[in-house]
2 protein chains.
Amino acid sequence: MTVRQKPRGRFHHGDLRRALLDAVAEAALEHGPEAVTLRDCARRAGVAHSAAAPHFGDKRGLLTAFATEGFERLGAAQEAAMATAPRTASAQLTASGRGYIGFARANPAHFRLMFREALLDGTDPALNAAREGAWAPLERSLRAGLPRLGEPALHQRLVLAWSAVHGFATLESEGAQHILHGAESADAAAEACIAAVVRAALRRGD
Amino acid sequence: MTVRQKPRGRFHHGDLRRALLDAVAEAALEHGPEAVTLRDCARRAGVAHSAAAPHFGDKRGLLTAFATEGFERLGAAQEAAMATAPRTASAQLTASGRGYIGFARANPAHFRLMFREALLDGTDPALNAAREGAWAPLERSLRAGLPRLGEPALHQRLVLAWSAVHGFATLESEGAQHILHGAESADAAAEACIAAVVRAALRRGD
DNA sequence: CGCCTCATCTTGACAATGGACAGATGTGGC
DNA sequence: GCCACATCTGTCCATTGTCAAGATGAGGCG
């Protein structure tokens, strides 16, 4: 009756939980996030088609766990970039944006799946915690850079920065590269976008 | 063998093409864009599940036609907003953003489906034409407002504005309202975001 | 060591889906 | 009046996600 969430030891398969999550990454990269199939993931992991049930419950559970891992890595990418940047507010904010867009670029299918709400379990506490954690660095750096701004005004800056960075990453990973980049290189477009966002977000005055 | 009451139209069905597209809109609104089912759409339209083939080919064709219609309406929403706004560059750009976000708000499921590249036929000429047409108003108004800016710099402004407006609309329609709005009203958040984008996009200097 | 509990995994079944096909049925051209 | 053809129906098939029942092996306890 008691369902143990954490499998303690490796069982028949070495680590099926990890193997299945890796299989999701593979499948999402090959055929797109919405085309991920439970049976295909099981095939990739070399197990029967219902072997995922003890670990993730159902397909939604598997994708939710995958998305949770994505949000954790998205937050970590920002933290890593910020750790090696100067402690200036603008440098920290720039690093956060670079980490965000960098993660979306390095893991386009993973990134897209993280925002397919219909495929995920929105009530999962781990997912929500990871999601909050992923957008905390941006909020923290912005709040540190604008200490005297009131709460509502600060929230507006946050929405602006979040929208622009997320919008760029989304458009890029969604197949609209031809629109975004034009004749320029992808990196230059990203850098220009981040710079503009940082300037607008840290602008003085209400 | 359920007896179906056929509407007395010219043909078997009055206008099945339109009925199916409306069914897609209904289904997408109820269960999300990725949960749209060909058979369910056919049921809503009161026809057999293979009746869509002559009109749209397959499911992807149906969704592609639906997305195409969405891009056309997205462009029209911006044009309509711009037509009633002053001819100032900033007013035109603001109106364009309002039209964009307004469409995404009024048709959240439609808007989301338009950017599910994996569900659409990216080679469809009508889709691509409508997509270009939808983002033309923003480019036109920005280009008119910055006549002396060089091409690459102008492109960067375009990317910034497009990213921020699209990012806001995406986050809002993707179920991240709790993050975006905070204690504020949704309209205030949108207006503040648009205002910041217009200010940043029309800023003088490279 | 022997056994026993239980999580893990397999097999088989089921309903639902998308696509393909042959055939019925109405529409418009001749 | 008659025929070519687009439209629509019913049926079949492979695939999918989920469930139920059974096999398998790990680790605890005597």
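Each chain gets a letter, A, B and so on, in the order its sequence line appears, and its residues count up from 1.
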Query raised in the report: Please walk me through it: do B/Leu63 and B/Val24 pass side chain to side chain contact (heavy atoms under 4.5 Å, CB included)?
Result: CA-CA 8 Å; B/Leu63 297 187; B/Val24 173; 4.0 Å; yes
Expected rows: protein N/O vs nucleotides 17-21 of chain D N/O, under 3.5 Å:
unit_1: D/dG17; atom_1: OP1; unit_2: A/Leu38; atom_2: N; d: 2.9
unit_1: D/dG17; atom_1: OP1; unit_2: A/Lys59; atom_2: NZ; d: 3.2
unit_1: D/dG17; atom_1: OP2; unit_2: A/Leu38; atom_2: N; d: 3.0
unit_1: D/dG17; atom_1: OP2; unit_2: A/Arg39; atom_2: N; d: 3.1
unit_1: D/dG17; atom_1: N7; unit_2: A/Arg39; atom_2: NH1; d: 2.3
unit_1: D/dG17; atom_1: O6; unit_2: A/Arg39; atom_2: NH1; d: 3.1
unit_1: D/dT18; atom_1: OP2; unit_2: A/Lys59; atom_2: N; d: 2.9
unit_1: D/dT18; atom_1: O4; unit_2: A/His49; atom_2: NE2; d: 3.4
unit_1: D/dC19; atom_1: N4; unit_2: A/Ser50; atom_2: OG; d: 3.3

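In this structure, the CG atom of A/Leu62 is 16 Å from the C1' atom of C/dC9, given to the nearest Å. Summarising the geometry, the separation between CG on A/Leu16 and P on D/dT24 is reported as 19 Å, rounded to the nearest angstrom. In this structure, A/Asp15 atom CG and C/dT8 atom C1' are separated by 13 Å, rounded to whole Å. When the C1' atom of D/dT16 is taken as reference, atom CD of A/Glu34 falls 16 Å away, rounded to whole Å. B/Phe56 has its CZ atom 11 Å from the P atom of D/dC8, to the nearest Å.
Using a 4.0 Å cut-off between a side-chain N of Lys or Arg and a carboxylate O of Asp or Glu, B/Arg105 and B/Asp187 qualify as a salt bridge. Electrostatic pairing of A/Glu117 and A/Arg131 counts as a salt bridge here, judged by a charged N lying under 4.0 Å from a carboxylate O. With respect to B/Glu174 and A/Arg112, no salt bridge is recorded, no charged nitrogen being found less than 4.0 Å from a carboxylate O. Using a 4.0 Å cut-off between a side-chain N of Lys or Arg and a carboxylate O of Asp or Glu, B/Glu139 and B/Arg157 do not qualify as a salt bridge.
Rounding to the nearest 0.5 angstrom, the gap separating the CG atom in A/Leu142 from the NE2 atom in A/His155 is 11.0 Å.
Taking the six-membered ring where tryptophan is involved, the planes of B/Tyr100 and B/Trp162 are perpendicular, since the angle between them exceeds 60° and thus also 30°. Classification of the B/His166-B/Phe111 ring pair by plane angle, with boundaries at 30° and 60°, yields tilted.
Among the nucleotides D/dT16, C/dC9, D/dC8, the one closest to any side-chain atom of A/His55 is C/dC9.
Inter-axis angle, ends of the helix from C/dC1-D/dG30 to C/dC30-D/dG1, five pairs per end, rounded to 10 degrees: 0°.
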